Trainee: 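Got a structure here, written out as structure tokens. Questions coming.
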Amino acid sequence: MIEIINREIELFLSSLNDIDEEMLKTILQKSKISITDDLSKGHLTTNVCMVTGSILKKNSNELTSRLKDQLEGIKLFKKIKVAGPGFINITLFRKDFIATIDKINFDKGDYGESIFNKGKKIQIEFVSANPTGPLHVGHGRGAAYGDAVGRILKATGSSVEREYYINDAGRQIDILTASVILKLISKNINNYFPTNAYKGDYIEEICKKFKKEISINFDNESIKKINYKDPEKEIDQVIAILKDSNIKTWGIIKEFSLNEMILSIKNDLRKFNISYDIWFKETSLGSLDEKSSQISNSINMLIKNGSAYKKDGAIWLNTEISNDDKHRVLIRDNGKATYFASDVAYHKNKVDRGFDKLINIWGADHHGYIKRIEASIESLGFSKDKLIVKLVQFANLFKNGKKVKMSTRSGDFYKLKDLIDEIGSDAARFFYLSKQADQHLDFDIDLAKSNSKENMFYYIQYAHARIVSLEENFIKKYPDFEKNLKPIQESTYDKFDKIIHELSKYPSIVDKAAKSLQPHLIIFYLKDLSHLFHSFYNDNHVLSESDENVQSIIQCMSAVKQVISNGFNLLGISPLKKM
RNA sequence: GCCUUCUUAGUUAAAUGGAUAUAAUGAAUCCCUCCUAAGGAUUAGUUGCAGGUUCGAUUCCUGCAGAGGGCACCA
């Protein structure tokens, strides 16, 4: 129906005098056909006359009456009405309106999918937490968000590749390795353990798994003598001694610890119903020592085209192109690459892989990083519009009415795994996604676990479960109807019209969520839909309706169930059959 | 100081520039001989302040006030 109206509108616009290409484009961009917010306004509405009127500096009254006549002329609609400041409201014939139910029950899991991103290759990189500790509840939000965005984009026709960037190079990994080694040799060094080493119990778990047949010999005496006031220098000194005294064993333990950490992260994410297509290691970008490694190549390119330069012994990138407030160091005066240099190479690698869009999901603390990455992309000769950075604000976790504190180094944090064990993956995902990603979120564990009305998650699940049970009871009562339900278009029953109207909005909600990368829109939609359902369910005793009506109602209810299930699926949540 | 996100019922939150700003919660009242009361119905209550753009602004722009986050040759 919307396609038909669109065609009529285009005909209408081209029939107008004094309109040029440019204007036409603007009008089509600004105007829209949408589903009305309320049935009292009919089923569909368009603002095209107001938009056209304002662009052509014409009175919109004249336009509305002309378009109204034209739409009435094709006799495909029950009623055309001009309303408000110049909307055209369209009421469909009942069979067209009610056909939505048949469509949903026919399309099943495909209902709501669209093709507006068809053929697009999108890469989405998210979580990418350093493999120096297990994932904590702070990472959960980015994980739930990134995965849901991936699912939604896929539903709009694009191919989506999920990627986790593993920072397996650099000082943090050295600290991890040192922490493990110090625990392994703790008896020989009087249990010495520097303040800045990682303290969580996961370090001990790695030690337990480490095969003891390898002899672990380090310079224990030098370690015992370490005495620094600055904890940063202290840990660096520890690392230096360990490496110098037995680089081979260091390497073995480093690799082992890293693999254990990555494995634990993968397991946690799997538990959270998330799987990745690619696990990209920072070390695969190579090092500066290799002449044609990816990292050397990208820096050389930047130097060659004049974007990067040498100053005070370091190599800097001029980031003015993106209005960054200062130039950024790529290679330090000690010859080592910065983390930023790896990132430049990594983003070049991503662009080279030919994606149409790169979506990075970062914690809000990375905010200051956006401009320099954009500058590097532009400086390498690509458009920064390819890159979309979505910031996810921190989540405050509340338990027993108190805020839960977190710090990775001290080992004092709430693990994502524990949260999932406590409330389940589905409820956790739901709450992480229940608010816009770029807003602060207070995550109340007690509420998430509660069975009360204020728990939206159960409210929606309850609607789904009620319909499942309704269908079961229906089949028990009418075993014959199972195979030949009457088509719903013949229904004259109208008490569920509000629900049908709401169901017809679902595809546009998915599109909106995909365009704005906001999964929470789906949650709010499902809540509204569930509300309509619960209300209907209370007012109408379905199975005591006439045989004819009950067939139609059951089909409508099944459609509601289907849409809840489809919506949950986009969020990575499984609907419940029983509460 | 600079950058950035934000400010909507008592509280927590919705709303691609659209019509009467939507829910939940809290308060008050009511509804189970009936398909799951983890539910429903009714009532009262909101766009920080001052301008601007627009036929139309919670939405876009400017200023002010207030809150969070970021401003390393750390990762």
Side-chain angles (χ1 to χ4, degrees), chain A residues 30 32 34 36-38 40-41 45 47 49-51 53-54 57 59-60 83-87 89 130 132 167 169-173 175 232 282 311-316 323-326 328-334 336-340 342-343 363-371 391 393-394 434-436 438-442 444 447 450-459 461-463 465-474 476-477 508-509 511-513 515-516 518 520-521 523-525 527-528 530-531 533-545 550 557 578-579:
Chain A
K30 280 189 156 184
K32 64 196 169 189
S34 46
T36 57
D37 47 9
D38 191 300
S40 64
K41 294 171 186 163
T45 183
N47 62 351
C49 294
M50 286 181 286
V51 174
S54 108
K57 307 268 178 252
N59 188 339
S60 66
F87 291 99
N89 291 346
N130 281 347
T132 54
N167 295 115
R171 185 161 169 265
Q172 297 302 320
I173 300 300
I175 298 178
E232 293 293 331
E282 181 181 356
K311 188 188 149 199
D312 303 334
I315 306 282
W316 299 71
N323 290 322
D324 197 11
D325 40 6
K326 52 187 132 182
R328 306 290 174 175
V329 173
L330 289 163
I331 302 177
R332 287 171 234 173
D333 58 4
N334 65 12
K336 285 188 178 170
T338 58
Y339 179 85
F340 175 50
S342 299
D343 251 356
D365 54 336
H366 283 64
H367 161 256
Y369 221 77
I370 299 175
K371 282 185 176 164
L391 295 179
Q393 278 291 349
F394 299 114
S434 64
K435 211 177 157 183
Q436 284 190 46
D438 56 9
Q439 306 245 353
H440 294 269
L441 171 75
D442 287 337
D444 186 337
L447 173 64
S450 84
N451 295 339
S452 74
K453 265 185 181 179
E454 59 204 281
N455 188 340
M456 258 204 281
F457 176 62
Y458 281 101
Y459 184 80
Q461 291 283 26
Y462 186 38
R466 268 183 154 175
I467 298 172
V468 170
S469 134
L470 196 55
E471 286 174 334
E472 284 167 4
N473 289 324
F474 169 76
K476 267 182 221 158
K477 191 172 176 192
S508 64
I509 300 289
D511 280 4
K512 206 160 130 186
K515 278 176 192 153
S516 59
Q518 293 185 323
H520 79 279
L521 294 176
I523 287 190
F524 278 89
Y525 168 79
K527 192 189 68 171
D528 289 345
S530 303
H531 175 72
F533 164 75
H534 284 305
S535 176
F536 174 83
Y537 184 90
N538 250 270
D539 291 347
N540 302 280
H541 193 261
V542 176
L543 296 180
S544 26
E545 284 285 343
V550 82
M557 298 296 108
K578 271 204 170 85
M579 298 300 283

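All values reported here derive from a predicted model rather than from experimental measurement. Sequence lines set the chain letters: A, B, ... in the order given, protein chains first and strands last, and positions in each chain run from 1.
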Trainee: Which nucleotide in the list rC3(B), rU36(B), rA14(B) gets nearest to the side chain of Lys435(A)?
Mentor: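 Nearest listed nucleotide: rA14(B).
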Trainee: How long is the line joining NE2 of His367(A) and P of rG68(B), in whole Å?
Mentor: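 The answer, rounded to whole Å, is 17 Å.
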Trainee: Between Leu391(A) and Tyr339(A), which residue's closest nucleotide on RNA chain B lies nearer the 5′ terminus?
Mentor: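 Its nearest nucleotide lies further toward 5', so the answer is Leu391(A).
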Trainee: Any idea which of rA19(B), rU36(B), rA75(B) is nearest the Thr45(A) side chain?
Mentor: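 When the side chain of Thr45(A) is considered, rA19(B) is the closest of rA19(B), rU36(B), rA75(B).
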Trainee: Answer with base, sugar-phosphate or nothing: what part of the nucleic acid does Phe524(A) contact at a heavy-atom distance below 4.0 Å?
Mentor: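 The residue Phe524(A) makes sugar-phosphate contact but no base contact.
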Trainee: If you look at every heavy atom in Ser434(A) and Phe524(A), which pair is closest and at what distance?
Mentor: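 Shortest heavy-atom contact: O-CE1, 3.6 Å.
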Trainee: Between rG56(B) atom C1' and Asn47(A) atom CG, what is the distance in whole Å?
Mentor: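 The distance from CG of Asn47(A) to C1' of rG56(B) comes to 11 Å, rounded to the nearest Å.
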Trainee: Can you tell me the base-pairing partner of rC55(B)? Count Watson-Crick or G-U wobble geometry only, both distances below 3.5 Å, and say none if there is no partner.
Mentor: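 Its partner is rG18(B) (Watson-Crick or G-U wobble, both distances under 3.5 Å).
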Trainee: Give a yes/no on whether any side-chain N or O of Asn455(A) is located under 4.0 angstrom from OP1 or OP2 of rA24(B).
Mentor: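 False: Asn455(A) side-chain N/O out of range (4.0 Å or more) of rA24(B) OP1/OP2.
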Trainee: Keeping the roles fixed (side chain from Lys527(A), backbone from Met456(A)), state whether a donor-acceptor pair exists under 3.5 Å.
Mentor: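 Not at all, since once roles are kept as given, no pair shorter than 3.5 Å links the two residues.
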Trainee: Searching all strands shown, indicate the nucleotide that pairs with rG63(B) (Watson-Crick or G-U wobble; both distances under 3.5 Å).
Mentor: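 Looking at the geometry, rG63(B) pairs with rC49(B).
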Trainee: From C-beta outward on His366(A), which listed nucleotide comes closest to its side chain: rA19(B), rA37(B), rA75(B)?
Mentor: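 The answer is rA75(B).
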Trainee: Between rC35(B), rC73(B), rC71(B), spot the one nearest the side chain of Asp325(A), thanks.
Mentor: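 Of the candidates, rC71(B) comes closest.
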Trainee: rU5(B) and rA9(B): how far apart are their C1' atoms, nearest whole angstrom?
Mentor: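 It works out to 24 Å between them.
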Trainee: Determine yes or no for a side-chain-to-main-chain donor-acceptor pair under 3.5 angstrom, with Asp312(A) supplying the side chain and Ala314(A) the backbone.
Mentor: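 Looks like no, no N/O pair under 3.5 Å.
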Trainee: What interatomic distance, in whole Å, is found between P of rC32(B) and the corresponding atom of rA38(B)?
Mentor: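 The answer is 15 Å between these two P atoms.
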Trainee: Let's go through Glu282(A) and Ser342(A) carefully: what are the C-alpha distance in whole Å and the side-chain angles of both, what is the deciding distance for side chain to side chain donor-acceptor pair (under 3.5 Å) to 0.1 Å, and is it a yes or a no?
Mentor: CA-CA 7 Å; Glu282(A) 181 181 356; Ser342(A) 299; 2.8 Å; yes
Trainee: With the 90 degree cut-off around zero defining syn, does rC30(B) come out syn or anti?
Mentor: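 Base orientation: anti.
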Trainee: Indicate, with a heavy-atom threshold strictly under 4.0 Å, whether Asp511(A) touches base, sugar-phosphate, or nothing.
Mentor: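 Counting heavy atoms under 4.0 Å across all strands, no contact is made by Asp511(A).
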Trainee: For Lys326(A), report the nucleic acid contact type (base, sugar-phosphate, nothing); a contact means any heavy atom under 4.0 Å.
Mentor: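 The residue Lys326(A) makes sugar-phosphate contact but no base contact.
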Trainee: Kindly assign one of parallel, tilted or perpendicular to the pair Tyr369(A) and Tyr339(A), based on the angle between their ring planes and the thresholds 30° and 60°.
Mentor: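 Rings of Tyr369(A) and Tyr339(A): perpendicular, as their planes differ by over 60°.
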Trainee: Taking 4.0 Å as the cut-off, does a side-chain nitrogen or oxygen of His520(A) come that near to OP1 or OP2 on rA15(B)?
Mentor: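 So the side chain of His520(A) is within the cut-off, an N or O lying under 4.0 Å from OP1 or OP2 of rA15(B).
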Trainee: Rounded off to whole Å, could you give me the CZ-to-P distance for the Phe457(A) and rA38(B) pair?
Mentor: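 Interatomic distance, CZ of Phe457(A) to P of rA38(B): 17 Å.
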Trainee: Looking at the base of rG70(B), is there any donor atom on it, or on the side chain of Asp365(A), that sits under 3.5 Å from an acceptor on the other one?
Mentor: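 Not at all, since no donor on one side and acceptor on the other fall under 3.5 Å apart.
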Trainee: Between rA72(B) atom C1' and Lys371(A) atom NZ, what is the distance in whole Å?
Mentor: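 My rounded result for the distance is 18 Å.
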Trainee: Hey, does His534(A) have a side-chain heavy atom less than 4.5 Å from the side chain of Arg466(A)?
Mentor: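 Side-chain contact under 4.5 Å: yes.
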Trainee: Heavy atoms only, 4.0 Å cut-off, all strands: where does Asp343(A) land among base, sugar-phosphate and nothing?
Mentor: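 Nothing, no nucleic acid heavy atom in range.
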Trainee: Does Gln436(A) reach a base, just sugar-phosphate, or nothing at all? Heavy atoms under 4.0 Å.
Mentor: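 The residue Gln436(A) makes sugar-phosphate contact but no base contact.
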Trainee: Does rC3(B) have OP1 or OP2 under 4.0 Å away from a side-chain N or O of Tyr369(A)?
Mentor: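 No, because none of the side-chain N or O atoms of Tyr369(A) sits under 4.0 Å from OP1 or OP2 of rC3(B).
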Trainee: Would you measure the distance from the P atom in rG40(B) across to the matching atom in rG45(B) and give it in whole Å?
Mentor: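 Per the computed distance, 23 Å lies between those P atoms.
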Trainee: Without decimals, in angstroms, what is the distance between Leu441(A) CG and rC6(B) C1'?
Mentor: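 It works out to 15 Å between those atoms.
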Trainee: Between rC61(B) and rU22(B), how far is it from one C1' atom to the other, in whole Å?
Mentor: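 After rounding to an integer number of Å, I get 27 Å for this pair.
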Trainee: Considering every strand and a 4.0 Å limit on heavy-atom distances, what is the contact class for Ala364(A): base, sugar-phosphate, or nothing?
Mentor: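 The residue Ala364(A) makes sugar-phosphate contact but no base contact.
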Trainee: Considering every strand and a 4.0 Å limit on heavy-atom distances, what is the contact class for Asn89(A): base, sugar-phosphate, or nothing?
Mentor: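 The answer is base, as Asn89(A) lies within the cut-off (heavy atoms under 4.0 Å) of a base atom.
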Trainee: Which sits closer to the 5' end of RNA chain B, Thr36(A) or Asn473(A), going by the nucleotide each is nearest to?
Mentor: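 Comparing both residues, the 5'-ward one is Thr36(A).
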Trainee: With a 6.0 Å cut-off (strictly less than), is the heavy-atom count around NZ of Lys336(A), excluding the residue itself, greater than 12?
Mentor: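 Atom NZ in Lys336(A) is not crowded, with 12 or fewer foreign heavy atoms closer than 6.0 Å.
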Trainee: When the C1' atoms of rA37(B) and rC30(B) are considered, how many whole Å apart are they?
Mentor: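 After rounding to an integer number of Å, I get 14 Å for this pair.
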Trainee: Report yes if the side chains of Arg332(A) and Thr338(A) come closer than 4.5 Å at any heavy-atom pair, otherwise no.
Mentor: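 Yes; the side chains approach each other to less than 4.5 Å.
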Trainee: Could you tell me whether the phosphate oxygens of rC55(B), OP1 or OP2, come under 4.0 Å of any side-chain nitrogen or oxygen in Ser54(A)?
Mentor: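 For rC55(B), OP1/OP2 do not have a side-chain N/O of Ser54(A) under 4.0 Å.
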Trainee: For the C1' atoms, the ones on rG18(B) and on rC3(B), what distance do you get once it is rounded to whole angstrom?
Mentor: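 It comes out at 34 Å once rounded to the nearest Å.
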Trainee: Can you tell which of rU36(B), rG18(B), rA23(B) lies closest to the side chain of Ser469(A)?
Mentor: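 Selected nucleotide (nearest to the side chain): rU36(B).
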Trainee: What's the closest nucleotide to the side chain of Phe87(A) if the choices are rA19(B), rC73(B), rC34(B)?
Mentor: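 My answer, after comparing the listed nucleotides, is rA19(B).
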Trainee: Can any side-chain N or O of Asn540(A) pair as donor or acceptor with the backbone N or O of Val542(A) at less than 3.5 Å?
Mentor: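 Such a contact is absent between Asn540(A) side chain and Val542(A) backbone.
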Trainee: Using the side-chain heavy atoms of Lys512(A), tell me which of these nucleotides is nearest: rA15(B), rG40(B), rA38(B).
Mentor: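 Selected nucleotide: rA15(B).
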Trainee: Under 4.0 Å, heavy atoms only, any strand: does Ser535(A) hit a base, just the sugar-phosphate, or nothing?
Mentor: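 Sugar-phosphate: the residue Ser535(A), judged by heavy atoms under 4.0 Å, touches backbone atoms but no base.
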Trainee: Considering only atom P, compute the distance from rA50(B) to rA44(B) and round it to an integer number of Å.
Mentor: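 About 27 Å, rounded to a whole number of Å.
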Trainee: When the distance from CZ of Phe340(A) to P of rA72(B) is rounded to whole Å, what number comes out?
Mentor: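 Atom-to-atom, Phe340(A) to rA72(B), this comes out as 14 Å.
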Trainee: Which of these nucleotides, rA41(B), rC6(B), rA23(B), is closest to any side-chain atom of His531(A)?
Mentor: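 Looking only at side-chain atoms, His531(A) lies closest to rA41(B).
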Trainee: Does Ala463(A) reach a base, just sugar-phosphate, or nothing at all? Heavy atoms under 4.0 Å.
Mentor: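 Since no nucleic acid heavy atom lies under 4.0 Å of Ala463(A), the category is nothing.
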Trainee: Using a 4.0 Å heavy-atom cut-off across all strands, classify Leu521(A) as base, sugar-phosphate, or nothing.
Mentor: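 Sugar-phosphate, backbone atoms only, no base.
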Trainee: Scan every strand shown for a Watson-Crick or G-U wobble partner of rA44(B), both distances under 3.5 Å, and answer none if you come up empty.
Mentor: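 By the stated definition (distances under 3.5 Å), nothing pairs with rA44(B).
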Trainee: Check the distance between rG70(B)'s P and Asp438(A)'s CG and give it to me in whole angstrom.
Mentor: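 Rounded to the whole Å, the gap is 16 Å.
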Trainee: Can Tyr537(A) be classed as stacking with the base of rG39(B), given a centroid separation cut-off of 5.5 Å and a plane angle cut-off of 30°?
Mentor: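 Not stacked by the 5.5 Å and 30° rule.
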Trainee: With both distances under 3.5 Å as the test, what is the Watson-Crick or G-U wobble partner of rC71(B)?
Mentor: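 Partner of rC71(B): rG1(B).
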Trainee: Would you call the rings of Phe533(A) and Tyr537(A) parallel, tilted or perpendicular if under 30° counts as parallel and over 60° as perpendicular?
Mentor: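 Correct class here is tilted.
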Trainee: Can you tell me how far C1' in rA23(B) sits from the matching atom in rC64(B), rounded to whole Å?
Mentor: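 Each nucleotide's C1' atom is 32 Å from the other's.
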Trainee: Between atom CG in Asp333(A) and atom P in rA72(B), what is the gap in whole Å?
Mentor: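 Whole-Å distance recorded here is 17 Å.
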Trainee: Would you say rA75(B) has OP1 or OP2 under 4.0 Å from some side-chain N or O of Arg332(A)?
Mentor: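 Yes, such a contact exists.
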Trainee: Tell which nucleotide pairs with rU8(B), taking only Watson-Crick or G-U wobble pairs whose two distances are both under 3.5 angstrom.
Mentor: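 rU8(B) is paired with nothing.
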